[in-house]
Amino acid sequence: MRRKPVLSHSPLLFPTIPAIVVSVLLPAFFSEARAQAQTSTSFEEELARNKKKNAEVRKDEKKPETKPEIKPVDDKDAPVIVKSYKFWGRSDRFIHFEHDVDVNKGALNLRSDKASYRFLEDEVEASGNVRVEKNGDCYYGDNATVQLDSGAGRIDNPVYKLLRSNAQGHARRIDLLDDERSLIHEGTYSTCEGLNPDWYLKANTLSLDTGLDTGVAGKSVLYFKNIPILATPSLTFPLSGARHSGFLPPTVGTTSKGGVEFALPYYWNIAPNRDLTLYPKMISRRGIQLGAEARYMGETFPGGIYKGETTVEDLPSDRLTHTNRYAVTSVHEQDLMPGLRLAWNINVASDDDYPADFSTSIAKTAQRLLSRETSLIYYGSFWNLGLRATNYQVLQDTTAAVPIGRPYDRLPQLQFHAEKYDVLGLDFLMDSSVTRFWHPTLVRGDRFANNFQVSAPLISSGYFLTPKVSLHATNYHLVNPAPGQEQDSHRIVPTFSVDSGLIFERQTSVLGRDFTQTLEPRLFYVNTPYRDQSRLPNFDSGLADFNFAQIFSENRFVGQDRIGDANQITAALVSRYLEQDGSERLKLAMGQRFYFNTQKVRLDNTISPSRSDLLLAASGKWSDQLSGDLGFQISAGTRQSVQSNYGIRWQPEAKKVLNLSYRFQRDSLEQVDISAQWPVAQRWYAVGRGNYSLMDKRVVDGLAGFEYKADCWSLRFVAQRFAVNSTTSNTGFSIQLELSGLAKLGVGGNPLEALKRNINGYQPISDR
């Protein structure tokens with residue numbers, strides 16, 4: 001049975017005016033209350049009597065005040081506490097309260113000028129300056145009816161404020177359906193503060209569900225600066241920025257390749273770990289493109305994950321090329337069982353020009369080798385065994401002077417890797433692979449390669465010495481050998497190397513700051529005897545990039561088909577400036593390789609000099625705001641720079657960053673790259689990036705725009721131009737209005753993603 005409210009007294013609400021409190025106790029007290037209400041006792045006498053009783057209570061200062069236990073609003077046994085200056089009623093029927101009524105039950109609070117409590121319905125009907133607080137949400141209205149057990153009810157002519165979504169608005173009526181759901185009739189919704197919000201959604205009905213974190217507006221119009229900008233028969237939006245099914249805001253844009261574009265994406269939140277986005281797009285010059293993106297993740301067993309993402313685009317009939325255009329990208333990883341992982345990475349395009357015609361960034365147009373790889377790998381305690389198949393689709397640049405060569409397909413490749421450290425003071429490593437190479441026009445065949453290494457590292461705090469011996473054995477079986485090649489051949493090459501170094505430290509001071517400076521000389525010797533490999537096929541070998549990592553490797557080639565002969569030593573010197581906590585503020589390095597004999601294993605007719613180019617590098621982070629790096633490769637013969645790069649980044653505070661870099665490669669590349677996000681006025685930010693080729697005298701990749709940050713909305717305008725091949729570029733612009741807590745409305749794609757991709761250190765202005 002429902003427990004009945006009864007009377008008790010509370011401390012004074014004001015210095016001289018007593019209050020009356022109703023709490024849940026016994027019905028007998030209500031009989032007394034009804035009798036008192038039927039007498040001729042005046043309101044003034046009642047106040048005096050209560051004042052005397054409260055004065056007696058205040059005399060006993062040692063007696064602690066007993067406060068009622070506040071229980072959650074959905075607890076039907078929570079006490080009902082009512083405060084008012086006057087009340088009257090009938091037992092088991094109703095009580096009427098007047099003058100500053102305050103009703104509490106758990107997390108539910110109702111205040112009004114007048115209120116009536118009905119016992120059978122467990123319902124409060126209030127009028128006059130009504131204020132209802134429920135789970136942090138506030139409602140102000142003329143009249144209200146609230147069922148205390150369930151929290152359901154209605155409020156007339158309300159103004160409301162929602163805690164979780166920081167939203168507000170007004171309406172003709174709000175129906176409180178339960179603790180999580182409410183229905184707003186002829187109301188508004190906005191996350192802006194104040195009586196005149198910059199934007200608001202005006203709808204015939206607004207259904208808000210905090211449990212599902214979803215808002216649904218029916219027959220709604222979106223106003224920005226009191227101007228209607230969007231009308232829709234139905235609109236679904238999240239109350240806290242979480243994912244929800246529904247149509248996303250339409251996007252309108254234009255590019256020099258496709259003309260005007262219009263897309264209306266639909267997002268399907270299938271499950272917390274799965275979703276699907278459908279984005280049909282109208283391209284004025286080409287036709288209708290259909291696209292879909294699916295994402296998923298989960299567990300196959302405790303601790304075993306699977307995740308993936310697949311994107312499909314299809315243009316059934318391109319009006320410009322009169323062909324079907326499509327692209328597919330799929331990435332997947334899955335633990336089939338403990339230690340066993342399946343993965344694939346598949347990329348397909350219908351033709352060579354697809355990235356240039358439909359991409360929105362130079363990163364995508366530069367992809368000319370589309371890989372397709374599937375792998376199955378088992379991981380042991382100190383070893384792993386992998387089976388993979390790989391092939392490529394080559395997208396030729398029709399404007400380039402030299403066509404792109406197609407790499408060999410691996411159909412399939414079986415790899416074994418094992419490494420074991422500190423076994424009787426020795427480290428062991430073994431790499432083995434069996435690969436079938438296929439190419440439509442070149443020599444095809446099978447290769448078995450095995451590399452076994454043993455090293456004995458000696459390491460202390462001031463020095464290290466690591467001698468190592470390795471043996472590389474390779475066998476070939478060719479299907480269609482070239483003239484002069486044998487069908488079956490083999491090669492065995494041993495290598496001996498010693499890596500050594502010293503570490504010196506001293507305390508120093510730079511510009512008044514204390515550092516620990518290190519001086520680290522290093523010598524690396526390699527001896528590999530010459531083996532004639534001119535008649536062996538070359539499936540995957542090439543000359544490695546020359547850098548600090550490569551000059552400390554035994555082989556100057558990458559891949560397994562060429563093992564370079566060597567009798568050489570690499571000398572390097574590194575100095576670091578370390579903070580007292582060990583963080584590195586500055587690093588200076590130089591290194592060079594010296595050859596004791598002429599190298600005979602080559603991929604072309606180039607004759608190697610007696611020593612390599614000189615490498616110089618420096619990187620530092622002088623403060624949390626300023627960092628930079630630079631690198632040089634100086635020719636040993638001409639003493640000129642072969643390649644160099646400089647870079648500096650200054651980020652003095654949030655949403656303020658400046659990047660400057662320079663790249664140079666003799667006879668092939670010289671570019672300057674500048675990017676920034678910087679405030680230019682109150683609430684205004686300038687954003688931009690320029691990648692300019694000094695050799696071609698053209699902008700390779702350029703972006704410029706502005707952002708504006710208001711309290712509850714942000715505006716972005718971005719124009720972008722990037723090269724799609726060696727002669728042509730693509731140009732487009734985008735505008736995005738981000739309404740906090742509702743949606744992002746855009747024209748011309750997603751400028752936010754373009755800014756993150758182009759400006760290193762960019763931070764969205766909508767972030768707190």
Side-chain angles (χ1 to χ4, degrees), residues 368-369 371 373 386 388-392 394 402-417 429-453 468 470-497 526-547 549-568 570 593 595 597-608 612-613:
R368 292 293 174 178
L369 288 178
S371 63
E373 180 176 308
R388 57 171 44 88
T390 307
N391 71 348
Y392 299 89
V394 180
V402 179
I404 303 173
R406 172 175 175 167
Y408 273 91
D409 297 338
R410 293 172 171 86
L411 302 172
Q413 182 179 54
L414 181 65
Q415 291 179 304
F416 175 79
H417 172 82
L429 183 144
M430 181 178 180
D431 279 305
S432 297
S433 64
V434 180
T435 310
R436 170 157 292 181
F437 292 94
W438 186 91
H439 196 281
T441 59
L442 301 180
V443 175
R444 300 186 294 272
D446 303 330
R447 185 188 70 194
F448 171 70
N450 183 52
N451 185 17
F452 183 74
Q453 301 178 5
K468 181 168 64 175
S470 62
L471 185 67
H472 198 289
T474 312
N475 287 277
Y476 294 91
H477 175 74
L478 304 182
V479 176
N480 56 338
Q485 285 183 330
E486 297 179 359
Q487 186 173 22
D488 295 290
S489 57
H490 68 277
R491 175 197 59 196
I492 299 177
V493 183
T495 297
F496 171 74
S497 67
V526 179
N527 192 306
T528 301
Y530 168 72
R531 296 290 187 268
D532 184 10
Q533 304 167 51
S534 58
R535 296 186 178 183
L536 298 180
N538 184 8
F539 294 131
D540 61 2
S541 282
L543 191 64
D545 291 336
F546 188 70
N547 51 48
Q550 196 277 328
I551 62 175
F552 291 100
S553 63
E554 286 87 356
N555 190 13
R556 61 181 178 272
F557 299 102
V558 295
Q560 304 285 344
D561 295 310
R562 294 293 182 269
I563 306 298
D565 57 317
N567 185 15
Q568 63 195 32
T570 299
R593 180 186 289 164
Y595 306 108
N597 58 7
T598 302
Q599 300 167 354
K600 299 179 181 179
V601 179
R602 309 185 189 101
L603 293 176
D604 52 30
N605 295 323
T606 302
I607 303 298
S608 301
S612 72
D613 295 341

Engineer: If I take atom CG from residue Asp561 and atom OH from residue Tyr476, how far apart are they, to the nearest 0.5 angstrom?
Structural biologist: 3.5 Å
Engineer: Please tell me whether Asp488 and His477 have a donor and an acceptor in their side chains that are separated by less than 3.5 angstrom.
Structural biologist: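 The answer is yes; a qualifying pair exists.
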Engineer: Quick check: closest heavy atoms across Gly559 and Ser541, and the distance to 0.1 Å?
Structural biologist: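 That closest heavy-atom pairing would be C-OG, 3.6 Å.
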Engineer: Is a side-chain donor-acceptor pair under 3.5 Å present for Ser497 with Glu554?
Structural biologist: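 Yes, side-chain donor-acceptor contact under 3.5 Å.
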Engineer: With a 3.5 Å cut-off and no angle check, do the side chains of Gln413 and Thr435 form a donor-acceptor pair?
Structural biologist: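 A pair is found: one side chain offers a donor N or O, the other an acceptor, under 3.5 Å apart.
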Engineer: Is there side-chain contact between Thr598 and Tyr530, with at least one heavy-atom pair below 4.5 Å?
Structural biologist: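 Contact flag for Thr598/Tyr530 side chains = no.
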Engineer: Do His472 and Thr474 meet the criterion of a side-chain donor-acceptor pair at a distance under 3.5 Å?
Structural biologist: yes
Engineer: Are any non-hydrogen side-chain atoms of Val479 and Trp438 less than 4.5 angstrom apart?
Structural biologist: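 Counting from C-beta outward, Val479 and Trp438 never come under 4.5 Å.
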Engineer: Counting only N and O atoms by type, is there a donor-acceptor contact under 3.5 Å from the side chain of Asp532 to the main-chain atoms of Ser534?
Structural biologist: yes
Engineer: Would you name the heavy atoms of Leu411 and Ala389 that are closest together and state the gap between them?
Structural biologist: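 Between these two residues, the closest heavy atoms are CD2-CB, 4.3 Å.
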Engineer: Does the distance from a Lys or Arg side-chain N to an Asp or Glu carboxylate O, for Glu373 and Arg388, drop under 4.0 Å?
Structural biologist: yes
Engineer: Using side-chain heavy atoms (C-beta onward) and a distance below 4.5 Å, is Phe496 in contact with Lys468?
Structural biologist: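 No, side chains not in contact.
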Engineer: Going from CG on Asn538 to CD on Gln560, what distance comes out if it is rounded to the nearest 0.5 angstrom?
Structural biologist: 11.5 Å
Engineer: Drop me the distance from Leu369's CG to Arg406's CZ, to the nearest 0.5 angstrom.
Structural biologist: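 Reported to 0.5 Å precision, the distance equals 10.5 Å.
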Engineer: For Leu543 and Phe557: C-alpha separation, side-chain torsions, deciding distance, then whether side chain to side chain contact (heavy atoms under 4.5 Å, CB included) applies.
Structural biologist: CA-CA 5 Å; Leu543 191 64; Phe557 299 102; 4.0 Å; yes
Engineer: Considering all heavy atoms of both residues, which atom of Gly564 and which atom of Asn555 are nearest to each other, and what is their separation?
Structural biologist: N-OD1, 2.9 Å
Engineer: Near Glu486 CD, under 6.0 Å, is it more than 12 heavy atoms from other residues, nucleotides or ligands?
Structural biologist: no
Engineer: Measure the shortest side-chain to side-chain distance between Pro407 and Val394 over non-hydrogen atoms and say whether it is less than 4.5 angstrom.
Structural biologist: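 Yes - at least one pair of side-chain heavy atoms lies under 4.5 Å apart.
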Engineer: How far apart are the closest heavy atoms of Asn547 and Gln550, and which atoms are they?
Structural biologist: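 Taking every non-hydrogen atom into account, OD1-N, 2.8 Å.
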Engineer: CZ/Phe539 to CG/Asp446 distance, rounded to the nearest 0.5 angstrom?
Structural biologist: 8.0 Å
Engineer: Would you say Leu536 and Arg562 make side-chain contact, with heavy atoms under 4.5 Å?
Structural biologist: yes
Engineer: Would Leu429 and His417 count as a side chain to side chain contact (heavy atoms under 4.5 Å, CB included) here? Give the steps.
Structural biologist: CA-CA 8 Å; Leu429 183 144; His417 172 82; 4.0 Å; yes
Engineer: Rounded to the nearest 0.5 Å, what's the gap from CG on Leu478 to CZ on Arg447? Could you check?
Structural biologist: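 Here the rounded value is 11.5 Å.
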Engineer: Side chains of Asp540 and Phe437: does their closest heavy-atom pair fall under 4.5 Å?
Structural biologist: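 In short, these two side chains touch, coming nearer than 4.5 Å.
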Engineer: Ignoring hydrogens, what is the shortest heavy-atom contact between Ile492 and Ala473? Give both atom names and the distance.
Structural biologist: CG1-CB, 4.2 Å
Engineer: Report yes or no: does Arg444 contribute a side-chain atom to a donor-acceptor pair with the main-chain N or O of Asn480 at less than 3.5 Å?
Structural biologist: no
Engineer: Strictly below 4.0 Å, N to O, side chains only: are Arg602 and Asp565 in salt-bridge contact?
Structural biologist: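 No, Arg602 and Asp565 are not salt-bridged.
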Engineer: Measure the shortest side-chain to side-chain distance between Ile563 and Val601 over non-hydrogen atoms and say whether it is less than 4.5 angstrom.
Structural biologist: no
Engineer: Ignoring hydrogens, what is the shortest heavy-atom contact between Val558 and Ala544? Give both atom names and the distance.
Structural biologist: CG1-CB, 3.7 Å
Engineer: Taking atom CZ of Phe546 and atom CZ of Arg593, what is their separation to the nearest 0.5 Å?
Structural biologist: 6.0 Å
